[in-house]
Peer 1: 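Provided herewith is a single structure, encoded as structure tokens, for subsequent inquiry.
Numbering starts at 1 and runs along the sequence shown. First listed ligand is number 1; within each ligand, the first listed atom is number 1.
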Amino acid sequence: MRTDRWWVQPLVTVLVLVAFIVYATIRAFQNAHYFAEPYISPFYSPCLTTACEGDTFPELFTGPTWISPALYILVFPLGIRLTCYYYRKAYYRSFWLSPPACAVAEPHRRYTGETRFPLVGQNVHRYFLYAALVINVILLYDAVLAFRDETGEWGHMGLGTLVLLVNAVLLALYSLSCHSCRHIVGGRLNHFSRHPLRYRFWTAVSRLNARHMQYAWASLFSVAFADFYVFLLATGTITDLRFF
Ligand code: FES
């Protein structure tokens, strides 16, 4: 009986997420144009095989060259977003209409929550968080390496450096504001007074947690944009704007 445009939010969510999934899938399988000295696309970092373009991370093994290096690592960023408490709310509502909006009837007759297969698997979220935190450190490392120029000399900064840096910070804020992160630092305690350090961490993470949705969207856009920027440089479509 709602007469307002309650369908706009789920519709926009579907459009943005489908656009991101299509773009990310094309780029992950493309297996090219992900490195433009000194920048590496976040979709391909850490690049673990000997087939990698560039050398921002130690090569750990020799993989078949026809397998894109992105496929070895994208399972972790994909996993954290797929099992994220915020994204679950977003895609349960927008893709499964469960329910599509407050006070709007859903098409399903039965509700089983997340207690059965496959949704009970959402409980692995915290493990994806651990992996994401490691990748956050590596992406920050990539952003630091982007302060070198093409010859390896330090003291360079281009628009690409800024793009990688902003993206790495937003992704780190997304991970640190995670609900599981809040539980890890402050959960299972009866008395905060006996754990002043954990109380401090919990207070800081709780502040970030209040903006988790914003970090989720901002980091989704920033990671796609950072990849696209490196793609444009790697294909020679644009040249990097150099600050110093
Ligand atoms: Fe969203 Fe953990 S709740 S990343």
Peer 1: Any chance the rings of Phe244 and His156 have centres within less than 6.0 Å?
Peer 2: no

Peer 1: Given that the side chain starts at C-beta and the backbone is N, CA, C, O, which of these parts of His125 lies under 4.0 Å from ligand 1, counting heavy atoms, or is it both or neither?
Peer 2: side chain

Peer 1: Could you tell me whether Arg198 sits above the aromatic face of Phe201, with NZ or CZ closer than 6.0 angstrom to the six-membered ring centre and within 45 degrees of the axis?
Peer 2: no

Peer 1: Could you check whether Arg81 makes a cation-pi contact with Tyr174, meaning its NZ or CZ is under 6.0 Å from the centre of the six-membered ring and within 45° of the ring axis?
Peer 2: yes

Peer 1: With atoms numbered from 1 as shown, which atoms in ligand 1 lie under 4.0 angstrom from a non-hydrogen atom of Cys84?
Peer 2: 1 (Fe), 3 (S), 4 (S)

Peer 1: Has Tyr174 got any heavy atom lying under 4.0 angstrom from an atom of ligand 1?
Peer 2: yes

Peer 1: Do any of the N/O/S atoms of Cys178, backbone or side chain, fall under 2.8 Å from atom 1 (Fe) of ligand 1?
Peer 2: no

Peer 1: Measure from atom 2 (Fe) of ligand 1 to each N, O or S atom of Cys181 and report whether any distance is below 2.8 Å.
Peer 2: no

Peer 1: For ligand 1, which atoms have a heavy atom of Tyr85 less than 4.0 angstrom away?
Peer 2: 1 (Fe), 3 (S)

Peer 1: Supply the atom-to-atom distance Leu48 CG to Glu59 CD, rounded to the nearest 0.5 angstrom.
Peer 2: 10.0 Å

Peer 1: Using the ring-ring contact (aromatic ring centres under 6.0 Å, His included) rule, take Tyr23 and Phe231 through it: C-alpha gap first, then chi angles, then the decisive distance, then the call.
Peer 2: CA-CA 12 Å; Tyr23 175 78; Phe231 169 80; 8.0 Å; no

